[in-house]
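Reading through the structure tokens given below for one structure.
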Amino acid sequence: MSRRRGGGGAEQESTSQDWVATLADEVIAAHEKEDPDGARAIVCASGLSPSGPIHLGNLREVLTPHLVADEIRRRGIACEHLISWDDFDRYRRVPKGVEGVDDSWAEHVGKPLTSVPPPRGSEYANWAEHFKAPMIDALERLGVPYRGISQTEMYTSGAYVEQTLLAMRERSRIDGVLGRFRTRKNAETADSDDDGEGDDGVDPDEAPFDEDLAGSASGEYFPYKPYCGACGTDETAIVAYDDATTEMTFTCACGSSQTVLLREFTRGKLVWKVDWPMRWAYEGVDFEPSGVDHSSPGSSYEVGGLLVSEIFGGRQPIGPMYAFVGISGQAKMSSSKGGVPTPSSALEVFEAPLLRWLYARRRPNQAIKVAFDAELHRLYDEWDALSRKVAAGTTGAIETLGHARSVATAERTLPTTPQPVSFRTLTSVVDVTTGDPEQLGRLLSGLVPGDPEEPVTLDDLQPRLGCAEHWVEHYMPEESHTRLLAAPDTALVESLDDTDRESLRLLLDGLEQDWSLDGLTSLVYGVPKIQAGLPMDTKPTDELKASQRRFFVLLYRLLVGSDTGPRLPTLLLAAGPDAVRRQLRM
RNA sequence: GGGCCUCUAGCUCAAUGGGCAGAGCAUCGGACUUUUAAUCCGCUGGUUGUGGGUUCGAGUCCCACGGGGCCCA
């Protein structure tokens, strides 16, 4: 890891950088140009709107700047990561499928997110806090340090008063900039759902609120939207504003009307397209990515780039666009749990470094997929293979970087599983033992080649074991489960011929002579040998193999009702002697 | 209508500042006293969507066209 600080720049030596290092180079170079003395720390920023569950797409909004900031800090350069909680945004609609929420929340549409009651049963004070909380927890577990800024706090404390007054003074210039992107056709239907953070975007409904033309009751443009003092919503329109006194009068759809001094008034905010560049300037943001929805002409990113310099005297941050994050595999309960998988729900089945790796290994403009289905197994396999290669020193520079960024940050190392048993194996074992710790322990100690002095404990398998347990319970397809039959298949038992009956008797007789993986292994393979009159150490012939196979199929049918299943020693050990006897008794 | 992204082995995808096109899975062959979507070894597999251009050199950069996805209108 290079730790150089560009005295005169010109360090182009390496071609083995990943996208994170390349972006960090750019950010550092741009920052140096502007602030040669390095008096000001570099600022990377994210914006999150807690208008509903914060999903895995939003996580990219955070992890992209996080990785860049982390790289900058690893180089010993001061860098701060801001997360702006856009919790002063208007409540746009009632999200579907959120537990504890019904249509009655519609009456809060138009209020700030921090003024909307949380879902029923929530321990949090309001809507925004309720949805921020799991994200805050996930960021902690992912090792993301940041400074959170509540926009509600900023606006209501008057932090942005000067900027607000400036924007109002300059309203006609702002209007002009916005106008460059308005086509004659859509001048009346501007985008109201443009909150900049890829807010799930599904908003096919209702009359959009025209933000570009906010509050233009008089036909004049105002870049500011007050919340009504009576009903609390932003269904307001400014009817008069005086630059000298900052006296502002506005009316509301609820019928009320208010006259305030804007230099003292704090229940309102700049419209999004003006708000964003104002904050770039206010915080001195050097890096902030944005979702693909900003690739369109006239997007808030493009417009903001003009406004930040023309109005607010700032500079547009470096800001790559990141592509969408796809999801495969759904939680069984997803519809009742609010639909979209969130970072917290992902961390129930992904080890934290693995989830970081998904976001670190691809450039932001590449679409990525977070898998909750069986592809998760492959992902774990890939990750384990990478970890082994890194440990052996056989990886390329870029792979090594991706791994390093995932397992640790500049500040700390994230928890890893000491004994990374294959996720596939873990889920299968958890499934057949139905999570019983004693059986789990027996099976896993047989699977993990452990030092007899220091036997493997279940703790050595954490946190992965917990992920496997959660996956089996919530994501494993019903048909993939191995379920012991609840009662003997008497019809099948009665139809057995003498040879089959004898084989079952032999198995049951020997069952508890050596109740262990090894003992059961030699037993199940030995039964057909005994029947054929062969010694136990006989090498298998084709004929013997065939009879073994027949025997196994019989056992599978009697135990789980199908022709195949988990390895029989594993299955028998997991089932326990009582259940085995119950199913095989003649 | 405008914009962004994408197209690489049968499948899923790598190749991240132009420098010998690579993995996993699948197939096939071999090994294995252990059946499972087991493990190990090996083989096969390619006109990098199409056509041009820049370059000593292009999957990579530029232009056009075609397929797919997304955003905005």
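Within every chain, numbering begins at 1; the chains are lettered A, B, ... in the order of the sequence lines, protein sequences first and strands thereafter. None of these values were measured; they are calculated from a predicted model.
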Gap between atoms [atom1] and [atom2], on [X] and [N] respectively (whole Å):
X	N	atom1	atom2	result
A:R361	B:rU12	CZ	C1'	11 Å
A:W19	B:rA15	CH2	P	13 Å
A:D18	B:rA14	CG	C1'	15 Å
A:W383	B:rG24	CH2	P	18 Å
A:D381	B:rA38	CG	C1'	12 Å
A:L426	B:rA37	CG	P	19 Å
A:E382	B:rG24	CD	P	10 Å
A:I530	B:rU33	CD1	P	20 Å

Say whether, by atom type as modelled, one donor and one acceptor occur between the side chain of A:E502 and the main chain of A:Q531 under 3.5 angstrom.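 Absent.
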Could you tell me whether the side chain of A:W471 and the main chain of A:F372 form a donor-acceptor pair under 3.5 Å?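 Present.
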Reading 5' to 3' and counting Watson-Crick or G-U wobble pairs with both distances under 3.5 Å, write the dot-bracket notation for RNA chain B, | for bases paired outside the strand. (((((((..((((.....[..))))..((((.......))))......(((((..]....)))))))))))).
Mind checking the [atom1] distance from [N] to [M]? Whole angstroms is fine.
N	M	atom1	answer
B:rG66	B:rA31	C1'	48 Å
B:rA15	B:rA23	C1'	10 Å
B:rG18	B:rG24	P	27 Å
B:rC61	B:rA14	P	15 Å
B:rG69	B:rA64	P	22 Å
B:rC56	B:rU44	P	35 Å
B:rG17	B:rU33	P	49 Å
B:rU47	B:rC7	C1'	15 Å

In this structure, is the centre-to-centre distance between the rings of A:W357 and A:F350 below 6.0 Å?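 Ring-ring flag for A:F350/A:W357: false, centres at least 6.0 Å apart.
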Would you call A:D500 and A:R505 a salt bridge, using N to O less than 4.0 angstrom?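 No.
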Charged N to carboxylate O under 4.0 angstrom, A:R361 versus A:E382?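 The answer is yes: the pair qualifies as a salt bridge.
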Throw together a table of side-chain donor-acceptor distances under 3.5 angstrom for residues 362-369 of chain A, partners on residues two or more places apart or in other chains.
| from | atom 1 | to | atom 2 | distance (Å) |
| --- | --- | --- | --- | --- |
| A:Q366 | OE1 | A:R363 | N | 3.0 |
| A:K369 | NZ | A:E375 | OE1 | 3.1 |

Rounded to the nearest 0.5 Å, what separates atom CZ in A:F287 from atom OG1 in A:T64?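 With rounding to 0.5 Å, CZ (A:F287) is 6.5 Å from OG1 (A:T64).
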Mind checking the CG-NE2 spacing from A:L63 to A:H81? Nearest 0.5 Å is all I need.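 With rounding to 0.5 Å, CG (A:L63) is 8.5 Å from NE2 (A:H81).
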Does a donor on one side chain and an acceptor on the other come within less than 3.5 Å for A:S309 and A:Q316?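 No, because no side-chain N or O of A:S309 sits under 3.5 Å from a partner of the opposite role on A:Q316.
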If a protein heavy atom is under 4.0 Å from the base, mark B; if only from the sugar-phosphate, S; if neither, -; do that for nucleotides 1-8 of chain B going 5' to 3'. -BBSS---
Going through the checks in order, is the ring-ring contact (aromatic ring centres under 6.0 Å, His included) test met by A:Y525 and A:F552? CA-CA 9 Å; A:Y525 284 94; A:F552 295 155; 5.0 Å; yes
Given RNA chain B, 5'-ward residue of the pair A:R362 and A:Y556, judged by closest heavy atom: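 By nearest-heavy-atom nucleotide position, the 5'-most residue is A:R362.
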